[in-house]
*Asks:* 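Sharing a structure with you now.
Order of the sequence lines fixes the chain letters, A, B, ..., with proteins taken first and strands second; residue numbering starts at 1 for each chain.
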Amino acid sequence: MPAVTLPDGSRREFDHPVTVLDVAKDIGPGLAKATLAGKVNGQLVDARHEIDDDAELAIVTDRDPEGVEIIRHSTAHLMAQAVKQLFPDAQVTIGPTIENGFYYDFAYDRGFTPEDLAKIEKRMKELAKQDLPVERSLMDRDEAVKYFRDMGEAYKAEIIASIPQGENISLYKQGDFVDLCRGPHIPSTGKLKAFKLTKVAGAYWRGDSDNEMLQRIYGTAWANKDQLKEYLERLKEAERRDHRKIGQELDLFSIQDEAGGGLVFWHPKGARIRREIEKYWYDMHEKAGYDFVVSPHIANLDLWKTSGHADFYSESMYEPMEDEHQAFQLKPMNCPFHVLMYKDRLHSYRDLPLRWAEMGTVYRREMSGALHGLMRVRGFTQDDAHIFCREDQIEAEVMAVIDLTLAVLQTFGFEKFDVNLSTKPEDAVGSDAIWEHATASLRSAIEKKGLEYSVDEGGGAFYGPKIDIKIHDAIGREWQCSTVQLDFNLPERFDMEYVAEDNERRRPIMIHRALLGSVERFFGVLIEHYAGHFPTWLTPVQAEVLTITERQDAYAEEVTKALRDKGFRVEADLRNEKIGFKIREHTLKRVPYLLVLGDKEMENGQVAVRTRSGEDLGVMSVEDFGERLREEVAGRHH
RNA sequence: GCUCAUGUAGCUCAGUCGGUAGAGCACUUCCUUGGUAAGGAAGAGGUCACCGGUUCGAAUCCGGUCAUGAGCUCCA
């Protein structure tokens, strides 16, 4: 007879087999009502799962992450049921949960429209209200194949047919709808109270672009309506911060149809921000012991054959151009150039490490459908650097790269990082010994920095292990910008060497690293992170001088010049407009400081300072304001 | 590249049944000189993405191309 141990260590004994729900009822009616599923000896099961032996049991409710997962999965089923009722010809395929929600793919001869979605959602709500019990049953595999095939569900039958013969298949039934599913599911559809269908899209059967296109419906589902509301609010906030929208409003950049997709035009205001980013970047690299190099944009195709890119990277490279019987390749990467410069002369072990950095603009072929604002483009500038070092220097160099990376990212207001170490994949170049040593060096570097990290076993590139650092932006989204990659391949291919202490020739280790990744993409992330409210050190216009009448024009020019002479980015708005209008306009342009000049200020040689958040800082002398700006900018406050 | 949607003034968008195009903001000029988030008037501005087809007639219907968006795929 089962004795059930609960997470708090308490035991309950029963003289007959009990279901998860029975145990919940035994504890209390409130819990019974909240029960979605159970976790028996660590295994997720349905609420009606029967326990007939001693077991550890945790009741799963919508307060558990697993409970929300189950809600999402069950909502996918609810949607499939609604779709089958409304569109009997649609065939069901798969419907997994994803972050924040779920999707379900249907085979249907046309796409679903937003009106269809509204209808489906309405039917889902009706079905949820009916509180249909969700019942699990088992069926032999072959029987299940036949069952679904007879129903006209060819895709489901195909999925089941790929399950080994002889296994039992679990089916879930709610009302008139039966679906193949591993489960577990909620006990009845009434538990689904907070969901919304969000979008439709095409998706390939089994994710293979050679297969037929299915109709995918995305939805989101939550434990309760408040969470749903909060999530939808987050989506709206992301939309408000969209860098494409803010980029246009603030006149920062554009992408021109006539020039082609994925090619970025930096307008004066955007270019000012970029210059500030770059100035800071050069400054930090100089302090960290880097040298700067500059390489060309095209090079003989043979170089890319030597590097191997012409072979394994050709899909991302533009076609070479011919000239005087030579083929030239537009560069998709900077690394081979730095290698050539290294090889230009013989290096001693005393020279190493060499740290060569370059803001290198590269061009890569991207499928038109993959382009996205500044985040995914065809031409971009990598804040690239290559470190050539000895094997015994790897750890110290990587630690220094991590320090530099975190310092730079923190300056831009990123506080939370996810570090990931990727190890040797199946197909790789280089000996096991060097992989082991290098991976251990990376691991040790991360650990000595006291960073938490995850490991992606086999996730490294074929040429070496790597560390990726993800940042969390102001609304909690993750972006991967920084990467540190070891490379055993290029030094080999280019036969790079240095002369060691014992006068032997040795192969240097090459470390690729980028902190921002792509300047374009990083700029896009920054726009969204700050929602366009760039900190004063970065912002294109730090202060706008606003006159109340034209009597102050000369004084305004004087104030503007005085601040510009101190190195600040200041502009004057002398237009024949009312002060309220000017304030509105420059506030919307997110200028940090508005300097209002009327007769009073002019007489006393002062400025009246208002911030973009609407705060009135009162009147002060031009010198005092300049000092305030200087401090804020020098500290790169965010 | 694939599926679906979209493409009209610098921007945001309307445009009925196929009958040759409209609003607000921005821009120019004039009036107004106004003290902390939109003062008023007038004017200018469009090869309706591009190419082709149907039609007496196309922003509108059809086909293609390009671009953008969402997703898929890809992402050293």
*Asks:* Pick base, sugar-phosphate or nothing for A:His586, based on heavy-atom distances below 4.0 Å to the nucleic acid.
*Replies:*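 Answer is nothing: A:His586 stays at 4.0 Å or more from every strand.
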*Asks:* Should we count CD of A:Gln256 as having more than 12 external heavy atoms under 6.0 Å?
*Replies:*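 Above 12, so yes.
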*Asks:* Only pairs with both distances under 3.5 Å count, Watson-Crick or wobble alike; so what is the partner of B:C2 in this structure?
*Replies:*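 With both distances under 3.5 Å, B:C2 matches B:G71.
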*Asks:* What contact category does A:Leu214 fall into here, base, sugar-phosphate, or nothing, at under 4.0 angstrom with non-hydrogen atoms?
*Replies:*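 If one applies the 4.0 Å heavy-atom cut-off, A:Leu214 turns out to touch nothing in the nucleic acid.
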*Asks:* Answer with base, sugar-phosphate or nothing: what part of the nucleic acid does A:Gly598 contact at a heavy-atom distance below 4.0 Å?
*Replies:*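 A:Gly598: base contact, heavy atoms under 4.0 Å.
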*Asks:* With C1' as the reference atom in both, quote the distance from B:C48 to B:A14 in angstrom, rounded to an integer.
*Replies:*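 Per the computed distance, 13 Å lies between those C1' atoms.
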*Asks:* Of the nucleotides B:U36, B:G34, B:C2, which one has an atom closest to the side chain of A:Arg551?
*Replies:*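 Looking only at heavy atoms from C-beta outward on A:Arg551, the closest nucleotide is B:G34.
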*Asks:* Could you give the CZ-to-P distance, from A:Arg244 to B:G69, as a whole number of Å?
*Replies:*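 After rounding, the reported distance stands at 5 Å.
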*Asks:* Check the distance between B:A26's C1' and A:Asp573's CG and give it to me in whole angstrom.
*Replies:*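 Result: 14 Å.
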*Asks:* In the structure shown, which nucleotide is the Watson-Crick or G-U wobble counterpart of B:G63, with both distances under 3.5 Å?
*Replies:*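 Pairing partner: B:C51.
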*Asks:* Would you mind telling me which of B:G1, B:U33, B:A37 lies closest to the side-chain atoms of A:Met367?
*Replies:*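 Nucleotide nearest to A:Met367's side chain: B:G1.
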*Asks:* Verify the neighbour count for atom CD of A:Glu315: are there more than 12 heavy atoms of other residues, nucleotides or ligands below 6.0 Å?
*Replies:*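 Open.
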*Asks:* For the P atoms, the ones on B:G18 and on B:C25, what distance do you get once it is rounded to whole angstrom?
*Replies:*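 About 33 Å, rounded to a whole number of Å.
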*Asks:* Both distances below 3.5 Å, Watson-Crick or wobble geometry, any strand: find the nucleotide opposite B:G57.
*Replies:*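 Pair assignment: B:G57 / none.
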*Asks:* Quickly work out the A:Leu588 CG to B:A26 P distance and round it to whole Å.
*Replies:*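 My rounded result for the distance is 11 Å.
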*Asks:* Please determine, for B:C30, whether a Watson-Crick or G-U wobble partner exists with both distances under 3.5 Å, and give it or none.
*Replies:*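 When the pairing criteria are applied, B:G40 turns out to be the nucleotide that pairs with B:C30.
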*Asks:* Does A:Ser613 or A:Arg575 map to a spot on RNA chain B nearer the 5' end, using the closest nucleotide for each?
*Replies:*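 Mapping each residue to its closest nucleotide by heavy atoms, the 5'-most match is A:Arg575.
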*Asks:* Nearest to the side chain of A:Arg378, which nucleotide is it out of B:A67, B:C74, B:A38?
*Replies:*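 Among the listed nucleotides, the one closest to the side chain of A:Arg378 is B:A67.
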*Asks:* Write down the distance separating the P atoms in B:A21 and B:A58, rounded off to the nearest Å.
*Replies:*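 So the two P atoms sit 13 Å from each other.
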*Asks:* Take atom C1' in B:A9 and the same atom in B:A59, then report the distance between them in whole Å.
*Replies:*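 The answer is 14 Å between these two C1' atoms.
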*Asks:* Think A:His372 has a side-chain N or O under 4.0 angstrom from the OP1 or OP2 of B:G71?
*Replies:*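 Answer is no, no contact under 4.0 Å.
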*Asks:* Considering every strand and a 4.0 Å limit on heavy-atom distances, what is the contact class for A:Tyr218: base, sugar-phosphate, or nothing?
*Replies:*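 Since only primed, P, OP1 and OP2 atoms lie under 4.0 Å of A:Tyr218, the category is sugar-phosphate.
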*Asks:* Paired with B:G46: which nucleotide, if any, by Watson-Crick or G-U wobble criteria at under 3.5 Å for both distances?
*Replies:*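 Here B:G46 is not engaged in any pair, so there is no nucleotide opposite it.
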*Asks:* Assign A:Arg365 to base, sugar-phosphate, or nothing according to its heavy-atom contacts below 4.0 angstrom with the strands shown.
*Replies:*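 Answer is nothing: A:Arg365 stays at 4.0 Å or more from every strand.
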*Asks:* Taking the C1' atom in each of B:G7 and B:G57, what is the distance between them to the nearest angstrom?
*Replies:*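 Their C1' atoms lie roughly 24 Å apart.
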*Asks:* In the strands shown, is B:C17 matched to any nucleotide by a Watson-Crick or G-U wobble pair with both distances under 3.5 Å, and which?
*Replies:*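 WC or wobble partner does not exist here.
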*Asks:* In whole angstrom, give the distance that lies between atom CG of A:Leu594 and atom P of B:G35.
*Replies:*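 Interatomic distance, CG of A:Leu594 to P of B:G35: 17 Å.
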*Asks:* Distance check needed: B:A26 C1' versus A:Leu250 CG, whole Å only.
*Replies:*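 It is 15 Å, rounded to the nearest whole Å.
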*Asks:* For A:Asp468 and A:Thr483, which I'm curious about, is there any donor-acceptor pair between the side chains at under 3.5 Å?
*Replies:*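 Present: a donor and an acceptor within the cut-off.
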*Asks:* Rounded to the nearest Å, what distance is computed from the NZ atom of residue A:Lys600 to the P atom of nucleotide B:U36?
*Replies:*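 Taking NZ of A:Lys600 and P of B:U36, I get 9 Å after rounding.
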*Asks:* When the P atoms of B:U8 and B:U68 are compared, how many Å lie between them, rounded to an integer?
*Replies:*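 To the nearest whole Å, 14 Å.
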*Asks:* Regarding A:Glu601, tell me which of base, sugar-phosphate or nothing describes its non-hydrogen contacts under 4.0 Å with the strands shown.
*Replies:*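 Since a base atom lies under 4.0 Å of A:Glu601, the category is base.
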*Asks:* Among the candidates B:C72, B:A37, B:U33, find the nucleotide nearest to the side-chain atoms of A:Thr587.
*Replies:*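 Side chain of A:Thr587 sits closest to B:A37.
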*Asks:* To the nearest Å, how far apart are A:Leu371 CG and B:G1 C1'?
*Replies:*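 Those two atoms, CG and C1', are 12 Å apart.
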*Asks:* Nearest to the side chain of A:Thr549, which nucleotide is it out of B:G34, B:C27, B:G35?
*Replies:*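 So the nucleotide nearest the side chain must be B:G34.
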*Asks:* Ring centroids only, cut at 6.0 angstrom: are A:Tyr104 and A:Phe106 within range, meaning strictly under it?
*Replies:*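 Centroid separation for A:Tyr104 and A:Phe106: below 6.0 Å.
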*Asks:* A:Lys466 near the nucleic acid: base, sugar-phosphate alone, or nothing, with a heavy-atom cut-off under 4.0 Å?
*Replies:*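 No contact at all - A:Lys466 keeps every heavy atom at 4.0 Å or more from the nucleic acid.
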*Asks:* With a non-hydrogen cut-off below 4.0 angstrom, is A:Gln248 in contact with a base, only sugar-phosphate, or nothing?
*Replies:*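 Sugar-phosphate contact only.
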*Asks:* Checking A:Arg216 against A:Tyr103: charged group under 6.0 Å from the ring centre and within 45 degrees of the axis?
*Replies:*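 Relative to the ring axis of A:Tyr103, which defines the angle, A:Arg216 lies inside both limits.
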*Asks:* Return whichever of A:Tyr463 or A:Gly262 has its heavy-atom-nearest nucleotide of RNA chain B closer to the 5' end.
*Replies:*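 Of the two residues, A:Gly262 wins.
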*Asks:* Does NZ or CZ of A:Arg272 fall inside the cone over A:Trp266's six-membered ring, less than 6.0 Å from its centre and within 45° of the axis?
*Replies:*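 Not flagged: A:Arg272 not positioned over aromatic ring of A:Trp266.
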*Asks:* Is the A:Trp356-A:Tyr290 ring centre distance short of 6.0 angstrom?
*Replies:*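 Centroid separation for A:Trp356 and A:Tyr290: 6.0 Å or greater.
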*Asks:* Between B:A70, B:G39, B:U36, which nucleotide gets closest to the side-chain atoms of A:Phe581?
*Replies:*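 It is B:G39.
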*Asks:* Do the two ring centres, one from A:Tyr313 and one from A:Trp304, sit under 6.0 Å apart?
*Replies:*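 Distance test on ring centres: not under 6.0 Å, no.
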*Asks:* Say we look at B:U65 and B:G19: how far apart would their C1' atoms be, to the nearest angstrom?
*Replies:*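 Looking at atom C1' only, B:U65 and B:G19 are 28 Å apart.
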*Asks:* Go through the N and O atoms of the side chain of A:Arg216 and the base of B:C4, and report whether any donor-acceptor pair is under 3.5 Å.
*Replies:*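 Checked by distance alone, the answer is no.
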*Asks:* Can you tell me the pairing partner of B:C25 across any strand shown, Watson-Crick or G-U wobble, with both distances under 3.5 angstrom?
*Replies:*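 Pair assignment: B:C25 / B:G10.
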*Asks:* Would you check if the side chain of A:Gln485 reaches a backbone N or O of A:Ala461 as a donor-acceptor pair within less than 3.5 Å?
*Replies:*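 No, A:Gln485 side chain to A:Ala461 backbone: no donor-acceptor pair under 3.5 Å.
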*Asks:* Side chain of A:Ile583: nearest nucleotide among B:U68, B:C74, B:A37?
*Replies:*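 For the A:Ile583 side chain, the nearest candidate turns out to be B:A37.
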*Asks:* Starting the side chain at C-beta, find the nucleotide from B:G35, B:C72, B:A37 nearest to A:Arg610.
*Replies:*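 So the nucleotide nearest the side chain must be B:A37.
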*Asks:* Report which part of the nucleic acid A:Asp599 touches: base, sugar-phosphate, or nothing (heavy-atom distance under 4.0 Å, all strands).
*Replies:*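 Result for A:Asp599 = base.
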*Asks:* At under 4.0 Å between heavy atoms, what does A:Gly464 touch on the DNA or RNA strands: base, sugar-phosphate, or nothing?
*Replies:*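 Nothing: the residue A:Gly464, judged by heavy atoms under 4.0 Å, touches no strand.
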*Asks:* Have a look at A:Gly261 and say if it touches a base, only the backbone sugar-phosphate, or nothing, with a 4.0 Å heavy-atom cut-off.
*Replies:*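 Contact class for A:Gly261: sugar-phosphate only.
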*Asks:* Answer with base, sugar-phosphate or nothing: what part of the nucleic acid does A:Ile548 contact at a heavy-atom distance below 4.0 Å?
*Replies:*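 Base, at least one base atom sits under 4.0 Å.
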